[in-house]
Protein chains: 2
Amino acid sequence: MGKPPHTSYHSDPRVDALVDETIGRVADKWTLLVLEALEEAGEQRFSAIGRAVPGISQKMLTQTLRQMEREGLVTRTVHAEVPPRVEYRLTVLGHDLAEAFCGVWHWAERNIETIEAARAAFDARQ
Amino acid sequence: MGKPPHTSYHSDPRVDALVDETIGRVADKWTLLVLEALEEAGEQRFSAIGRAVPGISQKMLTQTLRQMEREGLVTRTVHAEVPPRVEYRLTVLGHDLAEAFCGVWHWAERNIETIEAARAAFDARQ
DNA sequence: CTGTATCCGAATTGATACTG
DNA sequence: CAGTATCAATTCGGATACAG
């Protein structure tokens, strides 16, 4: 395992492992949703992102944003005001990732009914 | 939240929720790796997939394949032989998803060094 | 070979309370 | 406002044993 066949111009297993690891860190639910929120609305502050991602807890939002910052997907800007204002913005890297994920979104949107039907059929069979 | 701006031809929040939920189920680590293994090598039996995804336990492989079958991503064919042979194959839906994820793989491959650098810089700063 | 069932520790997550 | 700290609950995942 390691890469789609049409993807690989190299075949260093260590690079494959890194790629898999990176995807593992980046492809979790909350990261995807935050990425989407930022892609959609541009630079935004902490609470606005929280509102844009219903269901996320404050803890998960903080944790996800820190992780994204660490991966280089977002920048974090603290404005020295009272009350504090912290703004998050996608980096070019983050924006590129959002675009890459677009394909997955399209897939989900296009196939939502097929998937629901498959699920219903499977459940009926069991 | 709900969709990238360039994606949405509708804006039914219930559809958005469904899409997000679907992505949540489909974007987990093992599903991605199994998807990749099947995309790369075509129809394969249980144990071959296990070998193609190093690190996965039998339990997780079974569980992941069941879930993928439920979502309509793979078909499961049992051959009435002794010993039993069970083959898994991507559906069109599954294949399309694999293609959609290709973009993410490309992104990770292209940017692996940028990401590593970002991480190192972040860690040095803390 | 391809599973299912069970146990158990580890890791995630949510809720709540508190702080600069 | 934008977090941090903590605890409880759930979930995840590996190991093992067993079955068709």
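These numbers were taken from a predicted model, which means no experiment stands behind them. In the text below, chain A, chain B and the rest are named by the order of the sequence lines, each starting its count at 1.
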Can you find a side chain N or O atom of A:Tyr88 that sits less than 4.0 Å from OP1 or OP2 on D:dC1? no
Does a side-chain heavy-atom distance below 4.5 Å link B:Thr64 with B:Met68? yes
Between C1' of D:dT4 and CD of B:Gln126, the distance in whole Å: 14 Å
Near A:Glu113 CD, under 6.0 Å, is it more than 12 heavy atoms from other residues, nucleotides or ligands? no
Please report the distance, rounded to the nearest Å, between CD in B:Gln67 and P in C:dG3. 16 Å
Could you state the CD-C1' distance from A:Gln63 to C:dT12, rounded to the nearest angstrom? 8 Å
What about B:Met60 and A:Ile23, same hydrophobic cluster or not, with Ile/Leu/Val/Met/Phe/Trp/Tyr joined at side-chain heavy-atom distances under 4.5 Å? yes
For the pair made of NE2 in A:His79 and P in D:dA2, what is the distance, rounded to whole Å? 10 Å
For the side chain of B:Trp107 and the backbone of A:Leu93, is there at least one donor-acceptor N/O pair under 3.5 Å apart? yes
Nearest whole Å is fine: how far is C:dT4 P from B:Leu65 CG? 10 Å
Could you state the atom-to-atom distance from CD of A:Glu87 to C1' of D:dA2 in whole Å? 13 Å
N/O (side chain, B:Arg45) to phosphate O (OP1/OP2, C:dC1) under 4.0 Å: no
Which residues share a salt bridge (charged side-chain N to carboxylate O under 4.0 Å, His left out) with B:Arg76, sequence neighbours left out: none
Is there a side-chain contact between B:Arg76 and the phosphate of C:dT2, meaning an N or O under 4.0 Å from OP1 or OP2? no
Taking only side-chain N and O atoms of B:Thr62, does any of them lie within less than 4.0 angstrom of OP1 or OP2 on C:dT2? no
Relative to the ring of A:Tyr88, is the ring of A:Phe46 parallel (under 30°), tilted (30 to 60°) or perpendicular (over 60°)? tilted
Contact state string [nucleotides 14-20 of chain D, B base, S sugar-phosphate only, - no protein heavy atom under 4.0 Å]: BB----B
Using the closest heavy atom to pick a nucleotide of DNA chain D for each, name whichever of B:Asp28 or A:Arg85 lands nearer the 5' end. A:Arg85
For D:dT4, does either OP1 or OP2 sit under 4.0 Å from a side-chain N or O belonging to A:Arg66? yes
Check ion pair A:Arg89-A:Glu87 (N to O, under 4.0 angstrom): no
